[in-house]
Amino acid sequence: MELTTPRLLLREFRTSDHAAVHAFASDPEVTRYADWGPNSLHDTTIFLTEVVRAARDLHRCRIALAVVDREHDMLIGSIELRITSASHQRGEMGYVVHPQWWGRGYASEAARALLRWGHHELGLHKISATCDPDNAASARVLAKIGMRREGHLREHLYVRGQWRDRLLYAALAR
């Protein structure tokens, strides 16, 4: 599976992506608001093993894609869509981009493409995403791609020894 945008290629992960994935997944600033990481080398290996295996699943509900800058042919991030309910046509998405590429609109471009694909190709009616209330950049991305804020989930995740809130955003297929 591949999706292209004016500047990006969203493609399946390969085991050979390990170094590029680990470069951002091990960065404490990248994972600051995430409920995972910073990754050890072993964590990155497990992630790649899982997503490469999931890509071969006929009834796939986890679509994790490498975000590649087409001009430089460089893996700069990861984006994922999970089908959370086939019967209710719902999914959840998330993304992460290497800090070197922050502030250039790559997260918005990738997220917009995956959101559109999830609605049109997978037939999902509602796709949601959450972000930490302190992560203003991620909240801007979600709003920019047309998601609406639907709520504030109090103490939603237990992360690194403390309860963390999440803002809930969603987009309906229209």
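A side-chain donor-acceptor contact under 3.5 Å links Asp43 to the backbone of Ser40. A donor-acceptor pair is defined here as one N or O able to donate and one able to accept, closer than 3.5 Å; such a pair exists between the side chain of His119 and the backbone of Leu124. Arg164 contributes no side-chain N or O that, together with a main-chain N or O of Arg160, makes up a donor-acceptor pair within less than 3.5 Å. In terms of modelled atom types and a separation under 3.5 Å, the side chain of Thr130 and the main chain of Leu168 share no donor-acceptor contact. At distances below 3.5 Å, at least one donor-acceptor pair connects side-chain atoms of Trp102 with backbone N or O atoms of Val97. The closest donor-acceptor contact from the side chain of His98 to the backbone of Gln100 lies under 3.5 Å.
Enclosure of atom CG in Asp57 by more than 12 non-hydrogen atoms of other residues, nucleotides or ligands within 6.0 angstrom is indicated. Surrounding CZ of Arg148 are at most 12 heavy atoms belonging to other residues, nucleotides or ligands under 6.0 Å away.
Taking 4.0 Å as the cut-off between side-chain N and carboxylate O, Glu80 and Arg62 count as a salt-bridged pair. Residues Asp132 and Arg166 are paired through a salt bridge, judged by an N-O separation under 4.0 Å between the basic side chain and the carboxylate. Between Arg11 and Asp17 there is a salt bridge, with a side-chain nitrogen of the basic residue lying less than 4.0 Å from a carboxylate oxygen of the acidic one.
Partners of Arg149 under the salt bridge (charged side-chain N to carboxylate O under 4.0 Å, His left out) rule, at least two apart in sequence or in another chain, do not exist in this structure. Applying the salt bridge (charged side-chain N to carboxylate O under 4.0 Å, His left out) test to Arg60 and every residue at least two apart in sequence or in another chain returns Glu12.
One distance of note links CG of Leu114 with CD1 of Ile79; it measures 4.5 Å at 0.5 Å rounding. One finds the CG atom of Leu8 at 5.5 Å from the CD1 atom of Ile76 (value rounded to the nearest 0.5 Å). Of the inter-residue distances, the one linking His22 atom NE2 with Leu48 atom CG reads 11.0 Å to the nearest 0.5 angstrom.
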- [ ] With salt bridge (charged side-chain N to carboxylate O under 4.0 Å, His left out) as the test, would you mind laying out the steps for Glu50 and Arg53 before giving the verdict?
- [x] CA-CA 5 Å; Glu50 288 175 355; Arg53 183 181 305 128; over 6 Å; no
Open item on the list: Evaluate Thr44 against Asn39 for side-chain hydrogen bond (donor to acceptor under 3.5 Å, both in side chains), listing each step before the verdict.
Closed with: CA-CA 6 Å; Thr44 300; Asn39 277 10; 3.3 Å; yes
Task: Worked check of side-chain hydrogen bond (donor to acceptor under 3.5 Å, both in side chains) between Thr5 and Glu109 - done: CA-CA 7 Å; Thr5 71; Glu109 191 171 324; 2.4 Å; yes
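A donor atom on one side chain and an acceptor atom on the other are found under 3.5 Å apart for Thr45 and His18.
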